[in-house]
Amino acid sequence: MPREFSRGRRIAGLIQKELAVLVQREMKDPRLGMITINDAKVSRDLAYADVYFTMLPEANAETAETVLNDAGGYLRSQLAKIMSTRTTPKLRFHY
């Protein structure tokens, strides 16, 4: 009988919540508009996290995706300070 919430789903929820705060408060790039982190999905081995986002000025969505993927290392290091897991998933952002 499977559990109601698997470890991957709990970690994905934590990543979504913490990234929403980090992107809002820490990212000062003017190319980013108002970004909303909609969902995060973690791979079975917890190596990758696919993060889905939307933004209000949708004209710059591809630019924002590039900026977020470039800043993925910084955001991952900030997540590692918050999360108490052995490894932190590599972040891949998708509009």
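Distance check, rounded to the nearest 0.5 Å: CZ of F53 to OG1 of T36 gives 10.5 Å. Rounding to the nearest 0.5 angstrom, the gap separating the CG atom in L22 from the NZ atom in K17 is 12.5 Å. To the nearest 0.5 Å, atom CG of residue L91 and atom CG of residue L79 are 6.0 Å apart. Note that CD1 of I15 is 10.0 Å distant from CZ of R76, once rounded to the nearest 0.5 Å. For the atom pair CD of Q16 and CG of N38, the computed distance is 7.5 Å after rounding to the nearest 0.5 Å. To the nearest 0.5 Å, the span separating CD on E18 from CD1 on I37 amounts to 12.0 Å.
Under a hydrophobic-cluster definition in which Ile, Leu, Val, Met, Phe, Trp and Tyr are linked whenever side-chain heavy atoms come within less than 4.5 Å, directly or via other members, V51 and V21 are assigned to different clusters. Hydrophobic clustering (side-chain heavy atoms under 4.5 Å, transitive across Ile, Leu, Val, Met, Phe, Trp, Tyr) groups L19 together with M27. Clustering ILVMFWY residues whenever any of their side-chain heavy atoms sit less than 4.5 angstrom apart, transitively, puts L46 in the very cluster that holds L75. By the criterion of side-chain heavy atoms lying less than 4.5 angstrom apart, applied directly or through intervening Ile, Leu, Val, Met, Phe, Trp or Tyr residues, V23 is grouped together with I11 in one hydrophobic cluster.
No more than 12 heavy atoms of other residues, nucleotides or ligands shown are found within 6.0 angstrom of OH on Y48.
The minimum heavy-atom distance linking M55 with A64 is given by the pair SD-CB, 3.4 Å. Counting all heavy atoms, side chain and backbone alike, V42 lies closest to P89 at CG1-CG, 4.5 Å.
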Tell me which donor-acceptor pairs under 3.5 Å the side chains of residues 65-74 have, and how far apart each pair is, sequence neighbours excluded?
from, atom 1, to, atom 2, distance (Å)
T66, OG1, E62, O, 3.0
N69, OD1, F93, N, 2.9
N69, ND2, E65, O, 3.1
Y74, OH, E26, OE1, 3.2

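Applying the side chain to side chain donor-acceptor pair (under 3.5 Å) test to residues at least two apart or on different chains, the pairs with a partner in residues 81-92 are D50-R92.
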